[in-house]
*Asks:* 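Here's a structure for you.
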Protein chains: 2
Amino acid sequence: MRAVSRGADGRISTTMTTSMTSDGDPLEPDLGRPVERRALRDGVYDAILELLLAGRVKPGASLSIDALARQLGVSPTPVREAMVQLEHTGLVTRAALKGYRVAPPLSAERMSELVDARTILEVAAVRGAVPMSDVALLELKAAHSDHVLAGDYVKRMRARNDEPSWSVVRRYYTADWAFHRVILSHCGNQYLLQLAEFLSPQVHRLRQLLGHGLTDVDQALAEHGDILDAIASGDNERAENAMRTHLLAVRARSLAES
Amino acid sequence: MRAVSRGADGRISTTMTTSMTSDGDPLEPDLGRPVERRALRDGVYDAILELLLAGRVKPGASLSIDALARQLGVSPTPVREAMVQLEHTGLVTRAALKGYRVAPPLSAERMSELVDARTILEVAAVRGAVPMSDVALLELKAAHSDHVLAGDYVKRMRARNDEPSWSVVRRYYTADWAFHRVILSHCGNQYLLQLAEFLSPQVHRLRQLLGHGLTDVDQALAEHGDILDAIASGDNERAENAMRTHLLAVRARSLAES
DNA sequence: TGCCCATAGATCCTGTAGGATCCATGAATA
DNA sequence: TATTCATGGATCCTACAGGATCTATGGGCA
């Protein structure tokens with residue numbers, strides 16, 4: 001665990017990876033990019049989120065406020081606020097006056113329900129996102145290329161009989177999710193994106209549960225490619241089916257390894 | 001605004017209405033009902049949520065931590081934690097190192113998107129909830145009866161040319177939402193309920209925005225009755241259509257009054 | 001004169017330290 | 001064996017100090 005640190009000028013700085021819910025907007029004209037104003041508790045939130053998603057704490061283990069504060073080098077108050085913020089992710093459970101614990105693992109049934117919920121949201125999103133504007137389509141292609149690149153890293157490590165490191169696996173999953181996010185961002189309904197992001201911590205936890213298997217990188221990338229082609233073709237129904245097929249396969253892969 | 005108070009024994013007690021997300025379980029054998037363990041910040045959360053849903057603060061107004069703490073008779077820390085908890089509802093916006101503000105009002109477009117998102121979730125939920133078990137059906141009928149009763153109060157007040165009080169309106173809306181919650185609870189996918197509850201604060205705010213009009217109580221109750229009948233008949237498609245029709249009407253009524 | 005910038009004060013958010021309260025564990029007793 | 005009670009540890013809240021932001025006032029410049 002790394003300590004959250006303050007810069008020499010008193011500003012907050014953390015070298016942890018940023019929250020996965022940060023909006024990318026990679027090709028915005030760099031003129032008016034709003035500087036993010038962050039308090040200490042935001043860095044603490046990222047650190048604990050990373051801790052949970054990396055699976056470095058066992059489900060059911062208690063998360064002591066004081067212990068986390070000591071490890072991160074801050075006082076308990078910002079840790080408490082970060083934990084409050086973490087409650088709605090479902091990654092931790094709270095018992096008032098008793099403390100926080102790491103949420104119990106997902107059962108096979110819950111995993112199935114989770115993917116079903118994603119299917120409901122994302123099929124509806126694809127329906128609203130097609131036809132897609134040219135600039136959005138470029139964004140989607142860029143996201144897919146990045147995903148392919150991240151998949152290459154994974155496959156290359158595996159080819160050398162190395163267990164893919166967590167950072168590589170994380171990069172792959174982040175790129176995977178970014179692809180879906182682009183579609184959700186352009187579906188014409190901002191609530192669908194919010195709902196999907198509400199689910200995303202659980203989805204990431206599910207993947208972490210699967211033991212870094214990533215045995216079907218090629219297949220997953222091919223399915224994403226199908227979705228991309230279908231959206232580019234402007235055919236609503238074909239795009240919906242491609243998304244549905246992909247998520248059905250995701251469910252099958254998830255359940256196969258549980 | 002009422003002060004959050006501690007009892008003589010130090011226990012927390014608040015006379016504010018409970019959170020709308022509390023699960024009912026009305027007919028549990030009264031032996032081992034688990035007592036809810038609540039910290040002070042939970043009461044503060046309820047108080048501020050009520051403040052926001054009742055519309056007693058204008059959109060865009062700043063929510064001062066210290067001022068709220070003074071009004072509620074507590075120190076700033078539990079207020080800050082309640083505000084953190086309130087962030088994910090979308091009812092307040094946060095700027096780090098600057099403070100919280102009441103979220104801006106929903107535009108017509110956002111209202112439409114919100115109801116669309118509800119439609120996506122709830123139509124899928126009805127599909128999974130039919131056929132419904134007998135005990136669940138009884139629960140649904142009870143919820144509907146309570147809704148009718150609450151509607152009667154509203155209509156009776158209006159018949160006397162009284163503006164329905166906030167508590168009466170709130171009771172009506174709570175019963176309305178409870179009806180939908182029963183369906184979502186028995187759809188076989190707990191994430192659908194969580195997603196709908198994620199949207200519910202915005203839905204309640206939307207209604208509060210409509211200026212306590214409640215001009216179509218009878219029509220809304222009739223639509224709920226149709227949904228109930230369709231679910232009881234065990235006909236999936238008919239139930240889905242009833243729900244879709246209801247939410248289309250909700251959208252029309254919402255947009256008509258904006 | 002009019003506009004822009006700098007500065008001082010007030011206000012508020014943020015984080016720390018410390019004490020009060022509550023829960024869980026284990027020993028003592030009937 | 002079951003119950004009671006004391007002890008340790010953690011949570012939770014309060015009070016206080018530090019830092020950032022905002023507003024108003026005054027000086028500099030065109």
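Below, chains carry the letters A, B, ... as their sequence lines are ordered, and counting in each starts from 1. What you see is a predicted model; the values in this text were computed from it and never measured.
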*Asks:* Rounded to the Å, how far apart are D42(B) CG and dC12(D) P?
*Replies:* 9 Å
*Asks:* Measuring to OP1 and OP2 of dC23(C), would you say a side-chain N or O of R37(B) lies under 4.0 angstrom away?
*Replies:* yes
*Asks:* So among L51(A), V57(A), L49(A), which one has a side chain to side chain contact (heavy atoms under 4.5 Å, CB included) with L91(A)?
*Replies:* L49(A)
*Asks:* To the nearest Å, give me how far apart CG (L40(B)) and C1' (dT14(D)) are.
*Replies:* 11 Å
*Asks:* Restricting to nitrogen or oxygen on both sides, can you table the protein-nucleotides 6-10 of chain D pairs closer than 3.5 Å?
*Replies:*
none

*Asks:* Has R80(A) got a side-chain N or O lying under 4.0 Å from the OP1 or OP2 atom of dC12(D)?
*Replies:* yes
*Asks:* If you only use heavy atoms from C-beta on, which nucleotide in dT14(D), dC12(D), dT14(C) is closest to the side chain of S75(B)?
*Replies:* dT14(D)
*Asks:* Rounded to whole angstrom units, what separation is found between the CG atom of L97(B) and the P atom of dC13(C)?
*Replies:* 11 Å
*Asks:* Classify the ring geometry between H147(A) and F179(A) as parallel (under 30°), tilted (30 to 60°) or perpendicular (over 60°).
*Replies:* tilted
*Asks:* Could you state the atom-to-atom distance from OH of Y100(B) to C1' of dC12(C) in whole Å?
*Replies:* 13 Å
*Asks:* CZ of R38(A) versus P of dT14(C): gap in Å, rounded?
*Replies:* 13 Å
*Asks:* Check whether D46(B) reaches the backbone of G43(B) with its side chain - one donor and one acceptor, N or O, closer than 3.5 Å.
*Replies:* no
*Asks:* Provide, to the nearest angstrom, the distance between the CD atom belonging to E81(B) and the P atom belonging to dG15(C).
*Replies:* 12 Å
*Asks:* To the nearest Å, give me how far apart CZ (R41(B)) and P (dT11(D)) are.
*Replies:* 13 Å
*Asks:* So what does A67(B) touch, heavy atoms closer than 4.0 Å: a base, only the sugar-phosphate, or nothing?
*Replies:* nothing
*Asks:* Could you pull out all residues at least two apart from F198(B) that satisfy ring pair (Phe, Tyr, Trp, His ring centres under 6.0 Å)?
*Replies:* F198(A)
*Asks:* I need the OH-P distance between Y45(B) and dC12(D), as an integer number of Å.
*Replies:* 17 Å
*Asks:* Are the side chain of R41(A) and the backbone of E81(A) linked by a donor-acceptor contact shorter than 3.5 Å?
*Replies:* no
*Asks:* I'd like to know if the side chain of Q202(B) and the backbone of T89(B) have a donor-acceptor N/O pair within less than 3.5 Å.
*Replies:* yes
*Asks:* Please confirm whether the backbone N or O of V182(A) pairs with a side-chain atom of E139(A), one donor and one acceptor, at under 3.5 Å?
*Replies:* no
